Engineer: 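Let me give you the structure first, and then I'll get to my questions.
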Amino acid sequence: MPPRRTRLPRAFYRRDTVHVARELLNKVLAMPDGRAGRIVEVEAYCAGIDPAAHTYRGRTARNATMFGEPGHMYVYFTYGMHWCANAVAWEHTPGAGVLIRALEPIAGVDAMHDARGGVSERLLCSGPARLTQALGITGDLNGADLVKGAGPRIYDDGTAPPLHPIATPRIGIRHGLEHLWRFVVPGNLHVSPARVKMVQA
DNA sequence: GTTTCGATTGTG
DNA sequence: ACAATCGAAACC
């Protein structure tokens with residue numbers, strides 16, 4: 001018998017972005033075709049004070065979704081080839097959300113492999129662009145409602161977030177490294193291989 | 001209008 | 001360590 005899935009209410013996303021990031025650990029991201037994975041790594045990007053956030057310099061055509069209603073999905077294109085997915089989440093200041101960085105695959109794994117080519121299961125969804133490729137998320141889904149609608153959803157299947165998630169600096173950014181806003185499920189094997197950016201000596 | 005660079009990944 | 005690859009942001 002499959003675990004019961006509870007839809008996350010809009011109010012879930014309408015809270016402090018860092019808090020939502022931690023609460024999203026161990027939730028389930030599911031696509032309409034059945035592909036689904038457990039969220040095991042996230043990063044919070046905050047409004048106003050956070051120079052690493054796309055929204056730091058204000059609203060643009062690209063980041064407009066982040067200024068919209070919490071609980072929608074902000075999908076952006078980067079490095080000329082990759083899509084990344086966020087859950088819009090903010091309480092008082094618009095323009096913030098949670099980057100989903102890694103999933104543990106739990107359903108539709110064959111379809112994920114078809115979408116990703118011959119990669120190991122461990123690397124199937126272990127990175128922000130890997131998981132969008134595995135699930136088939138592209139810019140078409142920018143703005144999709146994760147709470148209502150027929151598109152991607154985030155569910156609670158009864159698995160609580162870790163009591164003590166690992167907190168680290170965020171990956172691949174140049175500013176805002178002092179904030180420990182990357183959160184990881186301790187011991188999970190599907191976390192992205194944390195590449196430390198090499199610095200020229 | 002032109003240039004720079006990125007919330008990354010795969011390969012060498 | 002570095003190329004791939006292109007649109008948005010930044011700069012003039």
Side-chain angles (χ1 to χ4, degrees), chain A residues 13 17-18 20-22 24-25 29 37 39-68 70 72-90 93-103 105 112-143 146 152 154 165-184 189-201:
Chain A
Y13 300 96
T17 308
V18 172
V20 173
R22 294 173 58 123
L24 278 174
L25 289 178
L29 174 59
I39 298 169
V40 296
E41 175 182 349
V42 296
E43 285 176 355
Y45 286 89
C46 297
I49 60 164
D50 181 9
H54 287 170
T55 54
Y56 183 56
R57 293 162 199 277
R59 179 179 178 137
T60 66
R62 177 209 207 188
N63 65 29
T65 301
M66 290 275 261
F67 290 87
H72 287 241
M73 188 161 71
Y74 167 50
V75 183
Y76 68 89
F77 185 65
T78 191
Y79 290 101
M81 63 195 98
H82 296 305
W83 297 100
C84 295
N86 302 251
V88 176
W90 47 265
T93 310
V98 179
L99 173 67
I100 301 172
R101 285 194 57 90
L103 304 176
M112 293 188 198
H113 277 289
D114 289 345
R116 287 272 294 133
V119 301
S120 67
E121 167 119 6
R122 202 183 79 74
L123 294 178
L124 195 52
C125 298
S126 302
R130 288 175 177 144
L131 72 90
T132 57
Q133 187 181 23
L135 295 184
I137 293 172
T138 69
D140 297 347
L141 291 176
N142 182 38
L146 292 166
I154 294 179
I166 297 169
T168 79
R170 293 165 292 175
I171 306 295
I173 59 169
R174 306 181 57 162
H175 305 289
L177 288 166
E178 69 276 20
H179 300 298
L180 304 183
W181 286 345
R182 172 175 175 256
F183 300 102
V184 174
L189 298 177
H190 296 271
V191 165
S192 71
R195 287 195 195 191
V196 177
K197 199 153 225 170
M198 289 304 157
V199 181
Q200 182 69 39

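In the text below, chain A, chain B and the rest are named by the order of the sequence lines, each starting its count at 1. Not measured: the values here are computed from a predicted model.
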Engineer: Between dG12(B) and dC6(C), how many Å separate the two C1' atoms, rounded to a whole number?
Structural biologist: 24 Å

Engineer: Pick the P atom in dA7(B) and in dC11(C), then give their distance to the nearest Å.
Structural biologist: 15 Å

Engineer: Using salt bridge (Lys or Arg N to Asp or Glu O under 4.0 Å) as the criterion, point out the one residue from Arg130(A), Arg101(A), Arg170(A) that pairs with Glu41(A).
Structural biologist: Arg101(A)

Engineer: Which of parallel (below 30°), tilted (30 to 60°) and perpendicular (above 60°) describes Phe77(A) and Trp83(A)?
Structural biologist: tilted

Engineer: Grab the NE2-P distance between His54(A) and dA7(B) for me, whole Å please.
Structural biologist: 4 Å

Engineer: Nearest 0.5 Å, please: how far is CD1 in Ile154(A) from CD1 in Ile39(A)?
Structural biologist: 4.5 Å

Engineer: Could you tell me whether the side chain of Trp90(A) and the main chain of Gly68(A) form a donor-acceptor pair under 3.5 Å?
Structural biologist: yes

Engineer: Pick base, sugar-phosphate or nothing for Arg170(A), based on heavy-atom distances below 4.0 Å to the nucleic acid.
Structural biologist: nothing

Engineer: For DNA chain B, report each stem as range with range, ordered by first number, or say none. Use Watson-Crick or G-U wobble pairs under 3.5 Å, at least 3 in a row.
Structural biologist: B:1-6 with C:6-11, B:8-11 with C:1-4

Engineer: What's the CZ-P distance between Arg57(A) and dC5(B), to the nearest Å?
Structural biologist: 13 Å

Engineer: Assign Ala129(A) to base, sugar-phosphate, or nothing according to its heavy-atom contacts below 4.0 angstrom with the strands shown.
Structural biologist: sugar-phosphate

Engineer: Tell me: CH2 of Trp83(A) to P of dG6(B), nearest whole Å?
Structural biologist: 19 Å

Engineer: Nearest-Å distance, CZ (Phe183(A)) to P (dA7(B))?
Structural biologist: 19 Å

Engineer: Measure the distance from CG on Leu124(A) to P on dT9(B) and round it to the nearest whole Å.
Structural biologist: 13 Å

Engineer: Nearest 0.5 Å, please: how far is OH in Tyr74(A) from CZ in Arg62(A)?
Structural biologist: 4.5 Å

Engineer: Which nucleotide sits closest to the side chain of Ile171(A): dA9(C), dA10(C), dT8(B)?
Structural biologist: dT8(B)

Engineer: With the criterion being N/O to N/O and under 3.5 Å, what pairs connect the protein with nucleotides 3-7 of chain C, and how long is each?
Structural biologist:
| unit_1 | atom_1 | unit_2 | atom_2 | d |
| --- | --- | --- | --- | --- |
| dT5(C) | O2 | Tyr79(A) | O | 2.5 |

Engineer: Can you tell me how far the CG atom of Leu124(A) sits from the CG atom of Leu135(A), to the nearest 0.5 Å?
Structural biologist: 8.5 Å

Engineer: Would you find a donor on one side and an acceptor on the other, under 3.5 Å apart, between the side chain of Thr132(A) and the backbone of Cys84(A)?
Structural biologist: no

Engineer: Could you tell me whether the side chain of Asn142(A) and the main chain of Tyr76(A) form a donor-acceptor pair under 3.5 Å?
Structural biologist: no

Engineer: Can you measure Leu131(A) atom CG to dA7(B) atom C1' for me and round it to whole angstrom units?
Structural biologist: 12 Å

Engineer: Within the sub-3.5 Å range, which N or O atoms of nucleotides 10-12 of chain B have a protein N or O partner, and how far apart are they?
Structural biologist:
| unit_1 | atom_1 | unit_2 | atom_2 | d |
| --- | --- | --- | --- | --- |
| dG10(B) | OP1 | Arg116(A) | NH1 | 3.0 |
| dG10(B) | OP1 | Arg116(A) | NH2 | 3.3 |
| dG10(B) | OP2 | Arg130(A) | NE | 2.7 |
| dG10(B) | OP2 | Arg130(A) | NH2 | 2.4 |
| dG10(B) | N7 | Arg195(A) | NH2 | 2.6 |
| dG10(B) | O6 | Arg195(A) | NH1 | 2.6 |
| dG10(B) | O6 | Arg195(A) | NH2 | 3.3 |

Engineer: Please state how far atom NE2 in His175(A) lies from atom P in dA10(C), giving the value in whole angstrom units.
Structural biologist: 11 Å

Engineer: Rounded to the nearest 0.5 Å, how far does CD of Glu43(A) lie from CD1 of Ile173(A)?
Structural biologist: 7.0 Å

Engineer: To the nearest Å, give me how far apart CZ (Arg182(A)) and P (dT8(B)) are.
Structural biologist: 11 Å

Engineer: Distance from Ser192(A) atom OG to Leu131(A) atom CG, nearest 0.5 Å?
Structural biologist: 10.0 Å

Engineer: To the nearest 0.5 Å, how far apart are NE2 in His175(A) and CG in Asp50(A)?
Structural biologist: 11.0 Å

Engineer: Does His72(A) use its side chain to pair, donor to acceptor, with the backbone of Val88(A) at less than 3.5 Å?
Structural biologist: no

Engineer: Out of dT8(B), dG6(B), dA8(C), which nucleotide sits closest to the side chain of Arg174(A)?
Structural biologist: dG6(B)

Engineer: Roughly how many Å apart are dC5(B) and dC2(C), using the C1' atom of each and rounding to a whole number?
Structural biologist: 16 Å

